[in-house]
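Working notes, structure below.
Along the sequence shown, residues are numbered consecutively beginning with 1.
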Amino acid sequence: TSSAGKNGKVAPEKEDVNTAKSKSRVGQLFSDYIFPGKLFPCYRTRVGEDGELLPPPSCNEIMHYVADNAKGDEKAPSYFYGRFRGYLAFDTGKDYHYRWLIIINLAVMYNLIFVIGRGIFWELENKFPRGWFVMDYTCDFIYLLDMFVRMHEGYLDQGLMVKDPKLLRAAYRKSRQFKKDLISILPTDLAYFIFPGKCSYQIPCPIIVRLNRIFRIDRMFQFFDKTESRTNFPNAFRILKIVFYILVLIHWNACLFFTVSFYIGFNTDTWVYQGNPELSTQYIYSFYWSTLTLTTIGETPQPETNVNAELIFVTTDFLAGVLIFASIVGNIGAMIANMTSERTNFQNRMDAIKGYMVFRKIHGPLEKRVIKWFDYLWDNKASMDEESVLNMMPGKLKLEMAMHVHLGTLLKVR
């Protein structure tokens, strides 16, 4: 409520304390982040060494960016009226390049798994037509961007990275990879105009023309190699990678089994697909049959002796399963052995000490102290031979690692 003064005028209302605080906070946020804050940096004032106010930097000074590959290089080209200076070259060792590999790897995996699946299982193709359309051409756009990135990836020449865009593009055009990338992005989708309409009870569906997209599979291998070198658990990642390869092989083989069954005729004998027309049953049974056949660990229906297609397909599958899975199982065994090699070596050293104590008749408290010391070494990872590990590094890296490890202790010394 307002009150009237002696002159008859209405006195202004007193502002609520909370309202005033709220306005002050809003004003502070406005000045810090909007004007003249982070969105308008050109209007900020600068303070000199003596505390005097300096004129704000010009927008041209602030909106000028120098790329990492152009710092200290006077001959680096500039773009956008001098606001950006740097080489159009991507360093494959940087984090931004690894993030791009994650994106292109997802696109490659999508095409590797779903193109063959949708081309064989027509119910899957008809499940999400609009979603498939968006995903397909999003991946194509990513493929085109990847060609641009790839033609500007720097490479080493006599220990120095080549950054000239013309040389990078010329080297890319001469490489075999350029031809594969070109094949992977050919507009084979134009075949849709030849086979219009909905895919229903037919194999293959028109989407099969997009199989050329898997020619970009080397990007997936490159991503796996980069991740293996970056992760702290390389052996675990290698096992996961092998499991992924196994699942992809089984998936493709399941699609081939369903195709052979379709052309021979469903339910015509005991070997072909026997289930109902539901997508889940079709795929799960095909995947199950493919797993048993390639791993050769289970009984599957015998092919009919009078049907050559069944005999040839099963024979080829058995041979592929023996060769592929023998190598895969061998690799997994070697990886598991490497994962436990450190523990095995440590255990061998501990067994040697125990044997020595038995030979010298050392028992009682001293024996327990020795065993407890070895347990302490293992629990604190002190059994690692640091000297041999550090000797593999150059002197500068060894110095930086030593500073990182011991700097906290040195700072406490007075």
Side-chain angles (χ1 to χ4, degrees), residues 88-121 124-125 128 131-156 162 165 167-192 204-231 237-238 240-256 324 328:
L88 189 55
F90 301 105
D91 189 348
T92 57
K94 297 292 185 180
D95 287 341
Y96 64 80
H97 186 266
Y98 178 71
R99 296 189 191 102
W100 173 251
L101 286 181
I102 295 176
I103 297 174
I104 185 63
N105 174 62
L106 293 176
V108 172
M109 283 185 174
Y110 168 81
N111 287 314
L112 181 65
I113 295 171
F114 286 104
V115 170
I116 184 68
R118 292 160 54 198
I120 303 303
F121 297 95
L124 179 62
E125 171 66 4
F128 317 101
W132 296 134
F133 179 85
V134 172
M135 290 296 296
D136 287 345
Y137 292 104
T138 300
C139 290
D140 286 353
F141 178 69
I142 293 174
Y143 273 34
L144 288 173
L145 287 180
D146 184 60
M147 289 191 70
F148 176 80
V149 171
R150 203 160 202 171
M151 71 175 63
H152 295 100
E153 287 181 350
Y155 61 90
L156 294 178
V162 178
L167 294 178
L168 296 178
R169 287 192 289 266
Y172 176 67
R173 284 194 300 268
K174 295 177 182 178
S175 67
R176 183 183 301 176
Q177 194 54 52
F178 171 68
K179 299 175 183 177
K180 292 182 181 180
D181 291 348
L182 204 58
I183 293 173
S184 69
I185 204 60
L186 288 177
T188 52
D189 310 60
L190 296 176
Y192 291 166
C205 293
I207 187 65
I208 204 71
V209 299
R210 289 181 57 87
L211 270 182
N212 63 314
R213 302 306 192 265
I214 66 175
F215 274 86
R216 199 69 66 95
I217 196 171
D218 67 292
R219 274 307 214 192
M220 186 180 74
F221 298 144
Q222 188 177 358
F223 166 74
F224 286 161
D225 292 340
K226 291 274 187 181
T227 304
E228 186 175 329
S229 63
R230 284 170 170 255
T231 182
F237 178 76
R238 291 185 194 112
L240 290 176
K241 182 175 65 173
I242 292 295
V243 170
F244 172 75
Y245 289 159
I246 292 173
L247 293 176
V248 170
L249 286 173
I250 294 175
H251 168 73
W252 274 67
N253 194 58
C255 295
L256 293 177
I324 294 173
I328 288 175

- prompt: Side chain of His97, backbone of Phe90: donor and acceptor closer than 3.5 Å?
  reply: no
statement: CD1 of Ile120 to CD1 of Ile116, rounded to nearest 0.5 Å, is 4.5 Å
- prompt: Does the Thr227 side chain pair with the main chain of Phe223, one donor and one acceptor, at a distance under 3.5 Å?
  reply: yes
task: Answer yes when Lys180 and Asp218 have at least one side-chain N-carboxylate O distance shorter than 4.0 Å, and no when they do not.
output: no
- request: Apply the test side chain to side chain donor-acceptor pair (under 3.5 Å) to residues Asn111 and Tyr143: give CA-CA distance (whole Å), side-chain angles for both, the deciding distance (0.1 Å), then the verdict.
  value: CA-CA 11 Å; Asn111 287 314; Tyr143 273 34; 3.1 Å; yes
message: Is there a side-chain contact between Val108 and Ile214 in this structure, where contact means two heavy atoms from C-beta onward sitting under 4.5 Å apart?
response: no
Spacing of Ile185 atom CD1 and Asp146 atom CG [to the nearest 0.5 Å]: 9.5 Å
field: Shortest non-hydrogen contact from Ala191 toward Val209
entry: CB-CG1, 3.9 Å
message: Please report the interatomic distance OG1(Thr188) to CG(Leu211), rounded to the nearest 0.5 Å.
response: 8.5 Å
- request: Could you please spell out the steps behind the side-chain contact (heavy atoms from CB on, under 4.5 Å) verdict for Arg150 and Phe178?
  value: CA-CA 9 Å; Arg150 203 160 202 171; Phe178 171 68; over 6 Å; no
- prompt: Taking everything shown except Phe215 itself, do over 12 heavy atoms lie less than 6.0 Å from its CZ?
  reply: no
message: Could you walk me through whether Arg213 and Asp189 satisfy the salt bridge (Lys or Arg N to Asp or Glu O under 4.0 Å) test, starting with their C-alpha distance in whole Å, then the side-chain angles of each, then the deciding distance to 0.1 Å, before giving a yes or no?
response: CA-CA 11 Å; Arg213 302 306 192 265; Asp189 310 60; 2.8 Å; yes
- prompt: Strictly by modelled atom types, are Asp136 and Tyr110 linked by a side-chain donor-acceptor pair under 3.5 Å?
  reply: yes
message: What verdict does the side-chain contact (heavy atoms from CB on, under 4.5 Å) test give for Phe244 and Met109, after you've listed the backbone C-alpha separation in whole Å, the side-chain angles of each residue and the deciding distance to 0.1 Å?
response: CA-CA 11 Å; Phe244 172 75; Met109 283 185 174; 3.8 Å; yes
query: In terms of side-chain geometry, is the basic nitrogen of Asp95 or Arg230 positioned less than 4.0 Å from the acidic oxygen of its partner?
result: yes
message: Counting C-beta onward and ignoring hydrogens, is there a side-chain heavy-atom pair between Arg118 and Ile208 closer than 4.5 Å?
response: no
message: Quick check for you: to the nearest 0.5 Å, what is the distance between Cys139 atom SG and Ile103 atom CD1?
response: 11.5 Å
- request: Locate the shortest heavy-atom distance separating Ala107 from Ile142; write the atom from each residue and the value.
  value: CB-CG2, 4.2 Å
task: Begin with the C-alpha distance, continue with both residues' side-chain angles, and end with the deciding distance and a verdict on side-chain contact (heavy atoms from CB on, under 4.5 Å) for Val134 and Thr138.
output: CA-CA 6 Å; Val134 172; Thr138 300; 3.9 Å; yes
message: Please identify which of these residues, Arg219, Arg216, Arg176, meets the salt bridge (charged side-chain N to carboxylate O under 4.0 Å, His left out) condition with Asp181.
response: Arg216
query: Taking atom types as modelled, is there a side-chain donor on Thr92 or Tyr98 under 3.5 Å from an acceptor on the other?
result: no
Modelled atom types, side-chain donor and acceptor of Ser184 and Asn212, under 3.5 Å: no
Test item: Ser229 side-chain N/O and Lys226 main-chain N/O as donor-acceptor pair under 3.5 Å: yes
- request: Output, in order, the C-alpha distance, side-chain angles, deciding distance and verdict of side-chain contact (heavy atoms from CB on, under 4.5 Å) for Lys241 and Glu228.
  value: CA-CA 10 Å; Lys241 182 175 65 173; Glu228 186 175 329; 3.2 Å; yes
query: If you round to the nearest 0.5 Å, how far is CD1 of Ile250 from SG of Cys255?
result: 12.0 Å
task: Measure from NZ or CZ of Arg210 to the centre of the six-membered ring of Tyr137 and say whether it is under 6.0 Å with the direction within 45° of the ring axis.
output: yes
message: Can you tell me how the ring of Trp132 sits relative to the ring of Phe114, calling it parallel under 30°, perpendicular over 60° and tilted otherwise?
response: tilted
Nearest-0.5 Å distance, CG of residue Asp91 to OH of residue Tyr155: 14.0 Å
Close side-chain approach of Ile242 and Ile246, heavy atoms under 4.5 Å: yes
query: So, the side chain of Trp252 versus the backbone of Leu112: is there a donor-acceptor pair under 3.5 Å, distance only?
result: yes
field: Which atom of Ile207 lies closest to which atom of Val115, heavy atoms considered
entry: O-CG1, 3.8 Å
task: Give a yes or no on whether Tyr245 atom OH has more than 12 heavy-atom contacts from other residues, nucleotides or ligands under 6.0 Å away.
output: yes
field: Heavy-atom side-chain contact between His152 and Tyr172 under 4.5 Å
entry: no
task: Would you name the heavy atoms of Gly154 and Leu168 that are closest together and state the gap between them?
output: CA-CD2, 3.9 Å
